[in-house]
Chemist: 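After the structure tokens below, expect a handful of questions from me.
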Amino acid sequence: MDPLNPFAEKVLDLVERIPPGKVMAYGDIAEYLGEGGPRQVGKVMSTWGGGVPWWRVVHADGSGAAPDHLRECLAHWREEDTPLRGERVDMRLARWDGRPAEHERSSADFQ
DNA sequence: ATAATGACGTCGG
DNA sequence: TCCGACGCCATTA
């Protein structure tokens, strides 16, 4: 098992902070951290993702991480009321920018 | 040093 | 919407 590196810790810490009902794409995480890339994030998740809410990390198109765990993803998403569109997450609504939930913006901040 | 690979992403057809 | 080709970046063969 590869030893944790600073990058991996940041990724895992961030994933743990993703609020229920929200998700982040691999690329979003890399961009948020300002280092590495989607594939690097994927490497981290495949190695140590078991200890964090991995189902909140999805592909940019909203599809789940692993096809064989699709049932598992769906179950978690439904449980957390994650906006879904068929078998994928509705990124337009579920994407988390990294900002704390705070109070919802009253007026439509959606661009 | 070169090529293949992977829990990815974007673009075109 | 689905799929293949490419691009990307670190790791491994």
Side-chain angles (χ1 to χ4, degrees):
Chain A
M1 183 65 87
D2 303 311
L4 275 60
N5 48 50
F7 177 66
E9 287 185 27
K10 293 177 189 172
V11 171
L12 298 175
D13 178 71
L14 178 57
V15 172
E16 286 180 355
R17 283 168 28 192
I18 300 177
K22 292 287 182 177
V23 300
M24 277 187 94
Y26 296 89
D28 294 341
I29 294 174
E31 186 182 343
Y32 182 88
L33 295 178
E35 58 181 311
R39 317 209 65 129
Q40 281 51 246
V41 174
K43 175 70 167 56
V44 172
M45 292 307 289
S46 66
T47 307
W48 303 285
V52 299
W54 53 267
W55 57 91
R56 292 176 194 156
V57 181
V58 302
H59 292 247
D61 65 357
S63 58
D68 29 304
H69 297 152
L70 179 57
R71 294 292 304 168
E72 189 71 8
C73 294
L74 251 26
H76 282 291
W77 292 336
R78 289 194 58 181
E79 180 65 29
E80 299 178 355
D81 288 310
T82 304
L84 298 180
R85 203 192 70 186
E87 298 187 333
R88 299 188 214 60
V89 174
D90 187 332
M91 295 305 281
R92 190 179 54 176
L93 300 174
R95 193 177 198 180
W96 188 53
D97 46 22
R99 270 184 308 232
E102 315 267 355
H103 330 280
E104 297 293 335
R105 298 294 179 100
S106 53
S107 52
D109 57 315
F110 55 75
Q111 197 288 88

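The sequence lines fix the lettering, A, B, ..., with proteins before strands; numbering per chain opens at 1. Please read these numbers as outputs of a predicted model, since none were measured by experiment.
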Chemist: What integer distance in Å separates A:F7:CZ from C:dT11:P?
Modeler: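 My rounded result for the distance is 11 Å.
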Chemist: Check whether any side-chain N or O of A:W77 sits under 3.5 Å from a backbone N or O of A:W55 as a donor-acceptor pair, and report yes or no.
Modeler: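 Yes; at least one donor-acceptor contact below 3.5 Å.
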Chemist: In terms of the nearest nucleotide of DNA chain C, which residue is placed more toward the 5' end: A:R85 or A:Q40?
Modeler: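 Result of the comparison: A:R85.
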Chemist: Applying side-chain contact (heavy atoms from CB on, under 4.5 Å) between A:T82 and each of A:V89, A:L93, A:D90, report the one that passes.
Modeler: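 Among the candidates, only A:V89 passes.
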Chemist: Can a side chain N or O of A:R39 be found less than 4.0 Å away from OP1 or OP2 on C:dT12?
Modeler: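 For C:dT12, OP1/OP2 do not have a side-chain N/O of A:R39 under 4.0 Å.
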Chemist: Indicate the ring-plane relationship of A:H59 and A:Y26, choosing parallel, tilted or perpendicular according to the 30° and 60° boundaries.
Modeler: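 Taking A:Y26 first and then A:H59, their aromatic rings stand perpendicular (interplane angle over 60°).
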Chemist: Could you give the CG-to-C1' distance, from A:D68 to B:dA7, as a whole number of Å?
Modeler: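 Atom CG in A:D68 sits about 10 Å away from atom C1' in B:dA7.
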Chemist: Given atom CZ of A:R88 and atom P of B:dG9, what is their separation to the nearest angstrom?
Modeler: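 After rounding, the reported distance stands at 14 Å.
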Chemist: Look at all strands and tell whether A:G37 reaches a base, only sugar-phosphate, or nothing, counting heavy atoms closer than 4.0 Å.
Modeler: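 No contact at all - A:G37 keeps every heavy atom at 4.0 Å or more from the nucleic acid.
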Chemist: Starting from P on B:dA7, measure out to CG on A:L12 and report it in whole angstrom.
Modeler: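 Distance check: A:L12 CG to B:dA7 P gives 16 Å.
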Chemist: Rounded to whole Å, please give me the gap between CG in A:L70 and C1' in B:dA7.
Modeler: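 Rounded to whole Å, this separation is 14 Å.
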Chemist: Take the protein atom CD1 of A:I29 and the nucleotide atom C1' of B:dA7, then report the distance between them rounded to whole Å.
Modeler: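 Checked: the CD1 to C1' distance equals 11 Å.
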Chemist: Base, sugar-phosphate or nothing for A:A66? Non-hydrogen atoms, less than 4.0 Å.
Modeler: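 Answer is nothing: A:A66 stays at 4.0 Å or more from every strand.
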Chemist: May I ask you to check whether over 12 heavy atoms, not counting those of A:E79, lie within 6.0 Å of atom CD?
Modeler: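 No, because the 6.0 Å sphere around CD of A:E79 holds 12 heavy atoms or fewer from other groups.
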Chemist: Report, as yes or no, whether the 6.0 Å neighbourhood of atom CZ on A:R95 holds more than 12 heavy atoms from other residues, nucleotides or ligands.
Modeler: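 Not more than 12 within 6.0 Å, no.
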Chemist: From C-beta outward on A:A60, which listed nucleotide comes closest to its side chain: B:dA7, B:dT10, B:dC8?
Modeler: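 Taking heavy atoms from C-beta onward, the closest nucleotide is B:dT10.
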Chemist: Contact class for A:A30 vs. all strands (heavy atom < 4.0 Å): base, sugar-phosphate, or nothing?
Modeler: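 Here A:A30 touches no strand at all.
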Chemist: Could you give the OH-to-C1' distance, from A:Y26 to C:dA10, as a whole number of Å?
Modeler: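 Going from OH in A:Y26 over to C1' in C:dA10 covers 17 Å.
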Chemist: When you check the phosphate oxygens OP1 and OP2 of B:dA7, does a side-chain N or O of A:H69 lie under 4.0 Å from one of them?
Modeler: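 No, no such contact exists.
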Chemist: Taking atom P of B:dC11 as reference, at what distance in whole Å does atom CG of A:D61 sit?
Modeler: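 Checked: the CG to P distance equals 13 Å.
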